[in-house]
Novice: 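Starting off with a structure, shown below.
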Amino acid sequence: MHSLSFELDAVPPFSFELTVHNPAGWHWYSPLEVFSGGRVWIALRLATGGVVGLRLESLGSVERPRVLLRVFSQLELAEAEAEEVLRSVEGLAGLREDMAGFYRAAEEDPILKQVVGDLYGMRDRAIFRDSVFTSALLAVAFQNAPINRTAQMLRLLITGYGERLDFDGKTSYMWPTPSAVLSASPGELAERCRVGYRAGYIRSVAEAVSSGACPTLGELAQMPFHEAKAELVKLRGIGDYSAEVILPHPESFPVDKWSAEIFWELFFPGEEMPPGAQAIRLVRRHAEERWGRWRRQAFTYVLCDRENLSKRLRAGPG
DNA sequence: GCGTCCAGGTCTACC
DNA sequence: GGTAGACCTGGACGC
């Protein structure tokens with residue numbers, strides 16, 4: 001295999017460790033990525049159709065961040081392909097994202113002040129910066145399922161319809177493309193990936209993405225939040241929750257039954273939580289009033305720091 | 001063992 | 001506009 005190395009800057013503060021290996025125990029880019037000894041390995045498909053294996057590690061510190069990127073490919077990369085890899089990695093890792101505004105806002109909010117202190121320099125997960133289809137697969141797998149079922153569905157989708165890549169002594173997989181998923185019948189998809197009725201949802205999103213009926217992540221980002229959300233909920237299987245999982249807007253707040261319980265405890269301590277949809281509505285409204293355009297960042301930070309927050313809640317004031 | 005319930009939503013039918 | 005019931009699947013639970 002051919003390999004190339006690059007050193008990338010990031011806008012400080014940037015914590016490589018918290019970003020690619022966050023404390024909530026979630027994957028950064030894919031459930032089948034490899035993380036070991038401070039390095040992360042992922043496989044990526046280029047717009048040209050080529051595939052590359054990537055290994056990332058930190059060379060710097062949170063305040064003087066530098067990332068060492070090693071790129072593995074079967075064929076030598078053209079200059080334009082190498083450039084595409086660099087822009088993709090910058091985008092996936094949020095290297096150019098300036099956190100200053102969010103951190104200033106966090107100073108004024110007791111919850112955010114804690115989570116920013118705990119997770120200083122962390123960026124949102126790469127999977128949400130990849131594509132509409134990838135985020136939609138994640139959102140649909142979360143629907144009406146406990147977390148181990150979600151993990152099972154995602155692994156089977158990736159290993160069944162994603163492309164495998166062996167490089168640098170590791171094995172990784174690319175996320176399935178819409179066309180790979182559409183090559184299977186709904187019955188085959190449901191059976192092989194244990195996704196049940198979600199097979200229809202996954203195929204309908206795949207059709208909308210590949211036909212161009214659904215805007216790309218970049219096009220959605222250019223639209224006002226409510227307009228972009230209206231585009232996504234036109235898709236079969238994409239409702240309020242899934243649309244906000246996918247949307248790259250800072251106003252998105254994809255609260256579900258599980259996260260509503262966490263936010264309820266923070267927003268309304270000691271108050272009994274109303275059933276399902278009502279609690280989600282109240283949490284969503286409170287987050288909008290309290291965190292405004294910072295609510296996506298707040299959502300990510302609070303859920304990644306939920307164990308520290310609940311320890312402090314149990315310990316009480318002081 | 002076996003039956004029943006239900007989970008990190010969404011859709012449809014019905015009011 | 002609001003809401004009950006159905007939907008795949010598999011783990012937990014009671015018997």
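Please read all numbers here as calculations on a predicted model, not as lab measurements.
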Novice: Of the options B/dG8, C/dC8, B/dC11, whose atoms approach the side-chain atoms of A/Ile147 most closely?
Specialist: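 In terms of side-chain proximity for A/Ile147, the closest of B/dG8, C/dC8, B/dC11 is B/dG8.
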
Novice: Distance check, P atoms only: B/dG8 and C/dG2, in whole angstrom units.
Specialist: 25 Å

Novice: How long is the line joining NZ of A/Lys234 and P of B/dT10, in whole Å?
Specialist: 17 Å

Novice: Can you tell me which nucleotide in C/dT3, C/dC7, B/dC11 comes closest to the side chain of A/Arg236?
Specialist: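 Out of C/dT3, C/dC7, B/dC11, the nucleotide with an atom closest to A/Arg236's side chain is B/dC11.
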
Novice: When we call it a touch if two heavy atoms are under 4.0 Å apart, what does A/Arg194 touch: a base, just sugar-phosphate, or nothing?
Specialist: sugar-phosphate

Novice: Mind running side chain to side chain contact (heavy atoms under 4.5 Å, CB included) on A/Leu235 and A/Leu232 for me, showing each step along the way?
Specialist: CA-CA 6 Å; A/Leu235 305 177; A/Leu232 288 180; 4.3 Å; yes

Novice: How many Å lie between CD1 on A/Ile202 and P on C/dC8, as a whole number?
Specialist: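 Atom CD1 in A/Ile202 sits about 13 Å away from atom P in C/dC8.
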
Novice: So what does the secondary structure string of DNA chain B come out as, 5' to 3', with Watson-Crick or wobble pairs under 3.5 angstrom, [ ] for crossing and | for pairs with another strand?
Specialist: |||||||.|||||||

Novice: Within the 4.0 Å heavy-atom criterion, would you say A/Leu235 contacts the bases, only the backbone, or no part of the nucleic acid?
Specialist: sugar-phosphate

Novice: Of the listed nucleotides (C/dC8, B/dC11, B/dG8), which one gets closest to any side-chain atom of A/Tyr201?
Specialist: B/dC11

Novice: If I take atom CZ from residue A/Arg281 and atom CG from residue A/Asp240, how far apart are they, to the nearest 0.5 angstrom?
Specialist: 10.5 Å

Novice: Measure CG/A/Leu157 against P/C/dC8 and give the value in whole Å, please.
Specialist: 16 Å

Novice: Is it possible for you to check whether A/Arg192 lies under 6.0 Å from the centre of the six-membered ring of A/Tyr161, through NZ or CZ, and within 45° of that ring's axis?
Specialist: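 Relative to the ring axis of A/Tyr161, which defines the angle, A/Arg192 lies inside both limits.
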
Novice: Quantified in whole Å, what is the P atom distance between nucleotide C/dA4 and nucleotide B/dC6?
Specialist: 15 Å

Novice: Rounded to the nearest angstrom, tell me the gap between atom OH in A/Tyr241 and atom P in B/dA7.
Specialist: 15 Å

Novice: Less than 4.0 angstrom between a side-chain N/O of A/Gln143 and OP1 or OP2 of B/dG8, yes or no?
Specialist: no

Novice: Starting from C1' on C/dC8, measure out to OH on A/Tyr197 and report it in whole angstrom.
Specialist: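 The answer, rounded to whole Å, is 7 Å.
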
Novice: Between A/Phe253 and A/Val283, what is the shortest heavy-atom contact and its length?
Specialist: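 Reported closest heavy-atom pair: CE2-CG1, 4.0 Å.
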
Novice: Rounded to whole Å, how long is the line connecting atom CD of A/Gln278 with atom P of C/dG2?
Specialist: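 It works out to 12 Å between those atoms.
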
Novice: For A/Val181 versus A/Pro176, what's the shortest heavy-atom pair and its separation?
Specialist: CG2-CB, 3.9 Å

Novice: Sticking with atom P, work out how far C/dC8 lies from B/dA13, rounded to a whole angstrom.
Specialist: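 About 15 Å, rounded to a whole number of Å.
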
Novice: Establish, from distance only, whether the side-chain atoms of A/Thr48 and A/Glu81 form a donor-acceptor pair under 3.5 Å.
Specialist: yes

Novice: Checking side chain to side chain contact (heavy atoms under 4.5 Å, CB included) for the pair A/Trp175/A/Ser30: CA distance, chi angles, key distance, verdict?
Specialist: CA-CA 7 Å; A/Trp175 281 95; A/Ser30 155; 3.7 Å; yes

Novice: Please check if any side-chain donor atom of A/Arg194 sits under 3.5 Å from a side-chain acceptor atom of A/Gln152, or the reverse.
Specialist: no

Novice: How is A/Ser242 classified with respect to the nucleic acid when contacts are heavy atoms under 4.0 Å: base, sugar-phosphate, or nothing?
Specialist: sugar-phosphate

Novice: With A/Tyr301 as reference, evaluate A/Tyr120, A/Trp291, A/Phe102 under the ring-ring contact (aromatic ring centres under 6.0 Å, His included) test and give the passing residue.
Specialist: A/Phe102

Novice: Rounded to the nearest angstrom, tell me the gap between atom CD in A/Glu191 and atom P in C/dG10.
Specialist: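 Rounded to the whole Å, the gap is 9 Å.
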
Novice: Which one, C/dT3, C/dC8, B/dG8, comes nearest to the side chain of A/Arg281?
Specialist: C/dT3

Novice: Within residues 282-300 of chain A, find the residues that approach DNA chain C with a heavy atom at under 4.0 Å, and present them sorted by residue number.
Specialist: none

Novice: With nearest nucleotides of DNA chain B determined for A/Val233 and A/Arg306 from heavy-atom distances, which residue corresponds to the more 5′ nucleotide?
Specialist: A/Arg306

Novice: Between atom CZ in A/Arg149 and atom C1' in B/dG9, what is the gap in whole Å?
Specialist: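 Distance, rounded to whole Å: 14 Å.
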
Novice: Would you kindly say whether A/Glu17 and A/Ser58 are connected by a side-chain donor-acceptor distance under 3.5 Å?
Specialist: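 Looking only at side-chain atoms, A/Ser58 and A/Glu17 do not form any donor-acceptor pair under 3.5 Å.
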
Novice: Would you mind classifying the nucleic acid contact of A/Gln152 as base, sugar-phosphate or nothing, using non-hydrogen atoms under 4.0 angstrom?
Specialist: sugar-phosphate

Novice: Using the ring of each side chain (for Trp, its six-membered ring), is A/His286 parallel, tilted or perpendicular to A/Phe267, with breaks at 30° and 60°?
Specialist: tilted

